Amino acid sequence: MALQVRAVLTSKWLAEAMKVEGKMRVLDTSWYLPKMRRNSKNEFKKRHIMGAAFFDIDQCCDKTSPLDHMLPSEEIFADYVGKLGIERDTHVVVYDASEFGAFSAPRVWWMFRVFGHSSVSMLNGGLRNWLLEGRPVSDQYARPAPTEFKASLNRAWIKTYEEILDNLDTKEFQVLDARPAGRFKGLDPEPRDNTEPGHIPGSISVPFHTFLSPSGHFLPKEKLQALFGQAGVDLSRPICILCGSAVTACHVALAAHECGHPGVSVYDGGWSEWYTRAVPEHVISEGRGKHL
């Protein structure tokens, strides 16, 4: 299969492709915030798309970091992915089981791309719509035969705290924040303890859920472009995206990709790191101090 594939695939396409012999691996990438009290691994064991394997962003990560599920090294990613039976010419299709239709799947889509694997797609509408369409699921799982995967990290697509800090003065790239507007403004609490809401000076609010339809499907290109335009985002300029811990930021990365952007960067530490390290004047909030 060609390495260049569509970033967003329909359930009809996937259902047909699963009937054909080919190098494809479907991954359930479900992950939830702790306060949601959902166990993604247990849910996978009970119900998943037939033939899917489970990708755990809390296992395929830098476990030495104090921050949640930060990107792992090339070696760790390659080892983890190889154990899922994925090779360089495998077409990877990711989905999750969230009620949004997509929550953590774009993060894993972006992870594959940042490690040099462009043959990766997201199932539009996720498991939510797969089930609504009456398509088959299973509680059976056969561990894939391990293979070799080679990863090559594109460091240009990752931004550090120091680079975001420098950008406050240089303004070399636009900073987009994918968290809900209330958290961006500082009016609604953050889901993590000991972290207040607010935003980085000069950043632009582009809530991730606005890129999804009420049915949980990713919006078409024309509507995505309109959303960026309404927010004041210039798609011809460099972009860096953040959220709480770089999960839903990747919705915006996927949306920009669909609009033809050559490759946005993601601030992997996200608001979790910025709030911890930034000086008070670099935390902009309309409700400072009311949530702790």
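On a predicted model such as this, the values are computed, not experimentally measured, just so you know.
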- Message: I'd like to know if the side chain of Trp130 reaches the main chain of Val137, judged simply by a donor and an acceptor atom lying under 3.5 Å from each other, with no hydrogens or angles considered.
- Response: no
- Message: As a quick check of understanding, evaluate salt bridge (Lys or Arg N to Asp or Glu O under 4.0 Å) for Glu43 and Lys46, giving each step before the final call.
- Response: CA-CA 5 Å; Glu43 291 183 17; Lys46 294 176 182 177; over 6 Å; no
- Item | CG-CG distance between Leu9 and Asn124, expressed to the nearest 0.5 angstrom | 8.5 Å
- Query: What's the spacing between Ser265 OG and Ile158 CD1 if we round to 0.5 Å?
  - Reply: 9.5 Å
- Query: Do Leu168 and Ile200 pass the side-chain contact (heavy atoms from CB on, under 4.5 Å) test, and can you show the C-alpha distance, the side-chain angles, and the key distance before you say yes or no?
  - Reply: CA-CA 9 Å; Leu168 294 179; Ile200 296 171; 3.8 Å; yes
- Message: If you define the side chain from C-beta out and look only at heavy atoms, does anything of Met111 sit under 4.5 Å from Pro72?
- Response: yes
- With under 30° as parallel and over 60° as perpendicular, where do the rings of His257 and Trp109 fit, or are they tilted in between?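 If you compare the ring of His257 with that of Trp109, the planes turn out perpendicular.
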- Query: So do the side chains of Glu99 and Arg38 get within less than 4.5 Å of each other, counting heavy atoms only?
  - Reply: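 Yes, side chains in contact.
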- Nearest-0.5 Å distance that lies between atom CD1 in Ile239 and atom NZ in Lys159: 11.0 Å
- What residues form a ring pair (Phe, Tyr, Trp, His ring centres under 6.0 Å) with His69, not counting sequence neighbours? Trp31
- Query: Between Trp13 and His91, what is the ring plane arrangement, given parallel below 30°, perpendicular above 60°, and tilted in between?
  - Reply: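 Trp13 vs His91 ring planes: perpendicular.
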- Item | Test item: His261 side-chain N/O and Arg237 main-chain N/O as donor-acceptor pair under 3.5 Å | yes
- Do the rings of Phe149 and His117 sit parallel, tilted or perpendicular, given the 30° and 60° boundaries? tilted
- Should Tyr275 and Glu190 be marked as a side chain to side chain donor-acceptor pair (under 3.5 Å) after you check the CA-CA gap, both sets of side-chain angles, and the distance that decides it? CA-CA 11 Å; Tyr275 178 78; Glu190 287 291 311; over 6 Å; no
- Output yes when a side-chain donor or acceptor of Ser138 lies under 3.5 Å from a complementary backbone atom of Gln140, and no otherwise.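 A pair under 3.5 Å: yes.
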- Item | Distance under 6.0 Å and angle within 45° of ring axis: Arg183 vs Trp271 | no
- Measure from NZ or CZ of Lys41 to the centre of the six-membered ring of Phe54 and say whether it is under 6.0 Å with the direction within 45° of the ring axis.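 No cation-pi geometry.
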- Message: Please report the interatomic distance CG(Asp28) to OG(Ser40), rounded to the nearest 0.5 Å.
- Response: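 Reported to 0.5 Å precision, the distance equals 7.5 Å.
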- Sub-4.5 Å side-chain heavy-atom contact between Val114 and Leu153: yes
- Between Asp177 and Cys243 the two heavy atoms that sit nearest each other are OD1-CA, 4.3 Å
- Task: Report yes if some heavy atom in the side chain of Ser98 is under 4.5 Å from a heavy atom in the side chain of Tyr32; otherwise report no.
- Result: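 Ser98 vs Tyr32: side chains touch.
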- Item | Greater than 12 external heavy atoms within 6.0 Å of Glu74's CD | yes
- Measure from the side-chain N and O atoms of Ser121 to the backbone N and O of Arg6, and report whether any donor-acceptor pair falls under 3.5 Å.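 Side chain of Ser121 to backbone of Arg6: a pair is present.
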- Minimum-distance pair of heavy atoms, taken over all atoms of Ser104 and Asp96: N-OD2, 2.9 Å
- Query: Heavy-atom distance under 4.5 Å between the side chains of Leu27 and Val93, does that happen here?
  - Reply: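 A side-chain contact is absent here, since even the closest heavy-atom pair is not under 4.5 Å.
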- Message: Just verifying a value: how many Å separate Glu273 CD and Ile164 CD1, rounded to the nearest 0.5 Å?
- Response: 9.5 Å
- Item | salt bridge (charged side-chain N to carboxylate O under 4.0 Å, His left out) contacts in which one or both residues fall within residues 125-140, not counting sequence neighbours | Glu133-Arg135
- Between CD of Gln225 and CG of Leu227, what distance do you get to the nearest 0.5 Å?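 It comes to 10.5 Å.
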- Message: Is the ring pair Phe103/Phe100 parallel, tilted or perpendicular, if the boundaries are 30 and 60 degrees?
- Response: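 Ring orientation, 0 to 90° scale: parallel.
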- Message: For a 4.5 angstrom cut-off between non-hydrogen side-chain atoms, does Trp274 reach His282?
- Response: yes
- Cation-pi geometry met for Arg277 and Tyr161 (6.0 Å, 45°): yes
- Task: Decide ring-ring contact (aromatic ring centres under 6.0 Å, His included) for His251 and Phe211; before the verdict, give the C-alpha distance in whole Å, the side-chain angles of both, and the deciding distance to 0.1 Å.
- Result: CA-CA 8 Å; His251 283 72; Phe211 293 93; 8.2 Å; no
- Would you say Arg192 and Ser245 make side-chain contact, with heavy atoms under 4.5 Å?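 Counting from C-beta outward, Arg192 and Ser245 do come under 4.5 Å.
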- Query: Between the main-chain N or O of Ala52 and the side-chain N or O of Tyr141, is there a donor-acceptor pair closer than 3.5 Å?
  - Reply: no
- Can you get from Val120 to Leu84 by hopping between Ile, Leu, Val, Met, Phe, Trp and Tyr side chains that sit under 4.5 Å apart?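 Yes, Val120 and Leu84 fall within the same hydrophobic cluster.
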